Amino acid sequence: LRRQRQMCIRDRPYRSIFLTDKGKLLADYCKKRHEIVYDFLIKIGVNSDTAKNDAEGLEHHVSAETLSVFEKYNKHKNFLFAAIAGLAFATDMSAWHWSIQFTSIAKSTIIVNTAPIYVVILGVFLFKESVSRRFLLSFASTYIGVFGLVYFSNTMTDGALFGDALALMAALMYATYLLIISKLGKESSINIIFYTTLFTGLFGLIPALIESRDFLPSSKTEIYNLFAMAILCQVGGQFFITYSMPKLTASFGSIGLLMQPIVATIFGALIFAEYLNFMQLGFVILALVGIYFARLEINPPVTEGHDES
């Protein structure tokens, strides 16, 4: 009745209640207050579930001055988080590409995709998040699979273990990137991609200059390949992953992302003749099963009747 007297809602006989233009403005204002408080709680280390519950109460009592301070803090932290995420992603990409020079594409890609395991582990140590028995099983399954993949390799060339170690470091850095991105709250996908890509490019210049002074493309073909990778892999791939993952069920999203190591294994065999033996294929399946359940752990499915927005 109070909102009706304030001309925020209107009702009609035998119909639903509707928001007036004034009511829509008030609803948008309340939503923004909630998001600012929620983002602030996330930034200071409160876990997502607790932040959602606490924001519901705090948003009704916080003053305009305090809310403004929260918003400034959020923007400052978002910029800092984007810089750290860019550094982690630049290290991930550099280590991953470097590892392929020493080990096979299939092994490198599968090891890098163990990142969800480290996301959960980092979440436990940094944010006191709990783990389930399913995660412990996925952890064991993944590492037995990775160990078997490396141990039963047909081609243990010089530096192969070093390449595997680089891929493992890339997985740790990618897990750090994912964990930081998850703490950016309600920031838009476009802003996340823009700032993380900007910082990734800046930090990526360091290993590029260390490896070789001639890091710029020297022919039109190399320029075309460079732009194709930038547009298809980074702009296209990373944007769609960042945009779509919150909108997908955990199981569907996990299956989609698991296509990366599978496709890499297939193309590694077809293009570079990097074949896996039957023993390795069995361990690959075991590792993928573990990665699949680990992804479910870091992105739990939405239960019926629960609003994620």
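Below, all heavy atoms of this structure are taken into account, side chains as well, without hydrogens, waters or symmetry copies. Nothing here was measured: the structure is a model prediction, and the numbers come from that model.
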Do you know which two heavy atoms are closest between [X] and [Y], and how far apart they sit?
X      : Y      : answer
Ala88  : Met173 : O-CB, 3.3 Å
Met169 : Ala95  : CE-CB, 3.5 Å
Ala85  : Thr196 : CB-CG2, 4.0 Å
Leu286 : Gly145 : CD2-N, 4.0 Å
Ile111 : Leu168 : CG2-N, 3.6 Å
Ala170 : Val112 : CB-CG2, 3.9 Å

Next on the checklist: Other residues, nucleotides and ligands only: do more than 12 of their heavy atoms fall within 6.0 Å of OH on Tyr224?
Outcome noted: no
Checklist entry - Which pairs with one or both residues in residues 79-99 pass side chain to side chain donor-acceptor pair (under 3.5 Å), sequence neighbours excluded? => result Trp96-Ser108, Ser99-Ser108
Taking only residues two or more places apart in sequence, or in another chain, which ones meet [X] in a side chain to side chain contact (heavy atoms under 4.5 Å, CB included)?
X      : result
Thr200 : Phe89, Ala90
Ala175 : Ala115, Tyr118, Val119, Leu122
Ser68  : Lys72
Ile84  : Leu80, Ile180

Which distance, rounded to the nearest 0.5 Å, do you find between the [atom1] of [X] and the [atom2] of [Y]?
X      : Y      : atom1 : atom2 : value
Tyr38  : Asn53  : OH    : CG    : 10.5 Å
Tyr174 : Asn113 : OH    : CG    : 8.0 Å
Lys107 : Phe283 : NZ    : CZ    : 13.5 Å

Checklist entry - Taking only residues two or more places apart in sequence or in another chain, which ones pass side chain to side chain donor-acceptor pair (under 3.5 Å) with Ser218? => result Glu222
Checklist entry - With sequence neighbours excluded, what pairs up with Thr221 under the side chain to side chain donor-acceptor pair (under 3.5 Å) test? => result none
Should [X] and [Y] be counted in the same cluster of Ile, Leu, Val, Met, Phe, Trp and Tyr side chains packed under 4.5 Å apart?
X      : Y      : answer
Ile117 : Leu136 : yes
Leu209 : Leu226 : no
Phe203 : Met229 : no

Checklist entry - Under the 3.5 angstrom rule, does the side chain of Arg33 hit a backbone N or O of Val62 as a donor-acceptor pair? => result yes
Checklist entry - Just by modelled atom types, is the Ile100 backbone N or O under 3.5 Å from a matching donor or acceptor in the Ser104 side chain? => result no
Item to check | Any donor-acceptor N or O pair under 3.5 Å, side chains Thr66, Ser63 | outcome: yes
Checklist outcome for this item: Only one of Val146, Ile110, Val289 passes side-chain contact (heavy atoms from CB on, under 4.5 Å) with Val284, and that residue is Ile110
Item to check | Student check: side-chain heavy atoms of Leu41 and Leu58 closer than 4.5 Å | outcome: yes
Next on the checklist: I'd like to know whether Ile121 forms a side-chain contact (heavy atoms from CB on, under 4.5 Å) with Phe139, so could you lay out the CA-CA distance, the side-chain angles of the two residues, the decisive distance to 0.1 Å, and finally the verdict.
Outcome noted: CA-CA 10 Å; Ile121 293 174; Phe139 179 87; 3.7 Å; yes
Checklist entry - Cluster partners of Ile223, using ILVMFWY side-chain heavy atoms under 4.5 angstrom, listed by chain and number? => result Phe227
Checklist entry - With sequence neighbours excluded, what pairs up with Tyr195 under the ring pair (Phe, Tyr, Trp, His ring centres under 6.0 Å) test? => result Phe79
